[in-house]
Participant: 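I'd like to ask you about the structure that follows.
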Amino acid sequence: MAMKPCLSTSLPFVLLLFSWAFGGAASNESQSDLPKCGQAIEASDADRVKFAMNLEFLEAEFFLYGALGRGLDSIVPYLAQGGPPPVGAQKANLDPLIQQIIEEFGYQEVGHLRAIYTKVGGIQRPLLNLSAQNFAQVMDEAVGRKLQPPFDPYANSINYLLASYLIPYVGLVGYVGTIPYLSDFNSKSLVASLLGVESGQDAVLRTLLYERANQVVAPYNMTVAEFTNKTSALRNKLAMCGIKDEGIIVPSSLGAENRTTSNILSADSYSVSYSRTPQEIARIVYGTGNEAKPGGFYPRGANGRIARSLRSA
Ligand SMILES: *[C@@H]1O[C@H](CO)[C@@H](O)[C@H](O)[C@H]1NC(C)=O
Ligand SMILES: *[C@@H]1O[C@H](CO)[C@@H](O)[C@H](O)[C@H]1NC(C)=O
Ligand SMILES: *[C@@H]1O[C@H](CO)[C@@H](O)[C@H](O)[C@H]1NC(C)=O
Ligand SMILES: *[C@@H]1O[C@H](CO)[C@@H](O)[C@H](O)[C@H]1NC(C)=O
Ligand SMILES: *[C@@H]1O[C@H](CO)[C@@H](O)[C@H](O)[C@H]1NC(C)=O
């Protein structure tokens, strides 16, 4: 659901305040009767923040490679902590505006990794599968048929934006889901600040997609809006916890106050951010719908204590 008037620089902050104030009550809404949802994990603040690093690595590598053709190893290698380089990442064929935005996002993710590393310690970079084939597989699953030719995230700006649509939003809802479980003031403050930039990135990507909502994504005979709708639906299906992810054009029952069909921000019926648990995040980014079964972007699974414990549960 969109918070329609707020696409200004103050957006992340507003979003943040709302999540703090109402996050708990709002997440109660659709989850309580779903058996796979709302299971709390025992973990330290540091482990919770380190779980998020898995997504920050994914974003950093995808954005840096997409914009520059090189990744963390060529920019701040120590942050990878000896983890293997990503598979299949490459420079995308972006127009100058999108290239510049994505380059900035890439460096922001480097900053996030450094912030976490410095404040709570790091994890090793997990093996990431950023190959065009992997994105193609996700898109095939989202649209329910084999796209011909296979979807290539690196082919042009639209495809790259659609592929990016898959990413910061998952980080954002993960951070929202983390805050209520943190005990220490410093970790809350860290996560809140990371969330601020993450939600800003998501808003920018969604706005860029919204501008192109009715454009057909050649050669597939599907519009940008349809792609976002289908990929959001796939994430909802994989995570198994109801609707927490919405496309950029929706029936007004999902729009802000049931009044808009534009949905530039994905949010619940109070227009506050959805939140997700580590289990839900793992189900989505593994592409398996099972937090114990790695795959998708993380062929060997995510790193850190929480991800490991989910695999052995
Ligand atoms: C949360 O869920 C419980 C149990 O389903 C319900 O009694 C309560 O009213 C809900 N709270 C909110 C704020 O929706
Ligand atoms: C990456 O994903 C593609 C498509 O699923 C797969 O063919 C390839 O083996 C994967 N690579 C790794 C290293 O897991
Ligand atoms: C493209 O999609 C529209 C609407 O879904 C449909 O009417 C049309 O026949 C399709 N065209 C092709 C070439 O598949
Ligand atoms: C996708 O669009 C359909 C039809 O408008 C709608 O019912 C559904 O809620 C949308 N799903 C998402 C996740 O946006
Ligand atoms: C929007 O519509 C749903 C039913 O589709 C209803 O439950 C909800 O209360 C409505 N929200 C507002 C703000 O009118």
Side-chain angles (χ1 to χ4, degrees), residues 1-4 18 22 25-26 28-30 54 57-58 61-62 65 71 83-90 125-144 146-147 149-154 162-163 165-166 169-170 173 202 205-206 209-210 213-214 222-274 276 280 284-289 293-303:
M1 189 174 279
M3 263 167 53
K4 133 184 103 155
F18 278 34
F22 302 121
N28 195 8
E29 234 174 20
S30 55
N54 287 291
F57 278 119
L58 174 67
E61 299 291 14
F62 185 59
Y65 270 97
V87 172
Q90 62 182 83
R125 175 179 54 194
L127 178 64
L128 295 168
N129 191 341
L130 297 176
S131 66
Q133 294 84 334
N134 186 44
F135 281 93
Q137 208 163 301
V138 174
M139 282 304 184
D140 285 351
E141 208 171 324
V143 303
K146 230 173 166 33
L147 292 172
F151 180 87
D152 178 357
Y154 302 107
L162 284 169
Y165 174 85
L166 295 167
Y169 183 71
V170 176
V173 290
D202 178 61
L205 290 169
R206 293 181 66 104
L209 287 165
Y210 189 75
N214 296 318
M222 273 177 66
T223 63
V224 166
E226 286 168 319
F227 266 98
T228 65
N229 177 296
K230 303 269 192 221
T231 44
S232 282
L234 173 63
R235 287 187 295 207
N236 289 329
K237 181 180 120 193
L238 290 171
M240 297 185 287
C241 294
I243 295 184
K244 295 187 178 181
D245 203 309
E246 301 164 352
I248 55 173
I249 294 185
V250 290
S252 55
S253 60
L254 289 178
E257 295 294 303
N258 292 346
R259 286 166 192 253
T260 72
T261 56
S262 74
N263 196 47
I264 295 174
L265 301 185
S266 174
D268 78 2
S269 64
Y270 293 98
S271 285
V272 306
S273 286
Y274 291 111
R276 288 199 186 277
E280 294 171 61
I284 294 171
V285 297
Y286 294 173
T288 59
K293 193 161 168 264
F297 294 111
Y298 299 82
R300 293 185 203 149
N303 283 344

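If you're wondering where the values come from, they're calculated on a predicted model, not measured in any experiment. Whatever order the structure lists them in is the order used to number ligands and atoms, beginning at 1. These numbers come from the heavy atoms of this one structure, side chains and all, not from hydrogens, waters or symmetry mates. All residue numbers in this chain count up from 1 along the given sequence.
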Participant: Tell me yes or no: between the side chains of Y165 and T231, is some donor less than 3.5 Å from an acceptor?
Facilitator: no
Participant: Would you indicate which of L234, L254, I249, D245 comes nearest to atom 13 (C) of ligand 4 when only heavy atoms are counted?
Facilitator: D245
Participant: Under 4.0 Å from any heavy atom of S232, which atoms of ligand 4 are there?
Facilitator: 13 (C)
Participant: Please determine if N129 has a nitrogen or oxygen closer than 3.5 Å to a nitrogen or oxygen of ligand 2.
Facilitator: yes
Participant: Please identify which atoms of ligand 2 are closer than 4.0 Å to at least one heavy atom of P299.
Facilitator: 14 (O)
Participant: Identify, by atom number and element, the atoms of ligand 2 in contact range of N134, meaning under 4.0 Å from any of its heavy atoms.
Facilitator: 2 (O), 4 (C)
Participant: Nearest heavy-atom pair of R125 and P86: which atoms, and what distance?
Facilitator: NH1-CD, 4.1 Å
Participant: I'd like the name of whichever of S252, S253, A233, P251 reaches closest to atom 5 (O) of ligand 4 through any heavy atom.
Facilitator: P251
Participant: How long is the straight-line distance from CG of N229 back to CE of M222, given to the nearest 0.5 Å?
Facilitator: 8.0 Å
Participant: Partners of N236 by side-chain hydrogen bond (donor to acceptor under 3.5 Å, both in side chains), sequence neighbours excluded?
Facilitator: R276
Participant: Counting each atom of ligand 5 from 1 as listed, which ones have a heavy atom of E257 under 4.0 Å away?
Facilitator: 13 (C)
Participant: I need the contact type for T228 against ligand 4. Using non-hydrogen atoms and a strict under-4.0 Å cut-off, is it side chain, backbone, both or neither?
Facilitator: neither
Participant: Any nitrogen or oxygen of G247 lying under 3.5 Å from a nitrogen or oxygen in ligand 4? Just yes or no.
Facilitator: yes
Participant: Rounded to the nearest 0.5 Å, how far apart are OH of Y169 and CG of L265?
Facilitator: 9.5 Å
Participant: Could you give the distance from OH (Y274) to CD1 (I243), rounded to the nearest 0.5 Å?
Facilitator: 6.5 Å
Participant: So if I count the atoms of ligand 2 from 1 in the order they appear, which ones are less than 4.0 Å from some heavy atom of Q137?
Facilitator: 4 (C), 5 (O)
Participant: A side-chain contact here means heavy atoms from C-beta on lying under 4.5 Å apart; do E226 and T223 qualify?
Facilitator: yes
Participant: Identify the closest protein heavy atom to atom 12 (C) of ligand 4: which residue and atom is it, and at what distance?
Facilitator: N229 ND2, 3.7 Å
Participant: Distance under 4.0 Å to a non-hydrogen atom of S131: what atoms of ligand 2 satisfy this?
Facilitator: 1 (C), 2 (O), 3 (C)
Participant: Determine the interplanar angle of the F135 and Y154 rings, folded into 0 to 90°, and report it as parallel if under 30°, tilted if 30 to 60°, perpendicular if over 60°.
Facilitator: perpendicular
Participant: Answer yes if a protein heavy atom lies under 4.0 Å from atom 9 (O) of ligand 2, otherwise answer no.
Facilitator: no
Participant: Is the shortest side-chain heavy-atom distance between N263 and Y210 below 4.5 Å?
Facilitator: no
Participant: Do me a favour and list the nearest non-hydrogen protein atom to atom 7 (O) of ligand 2 with residue, atom name and distance?
Facilitator: Q133 CB, 4.9 Å
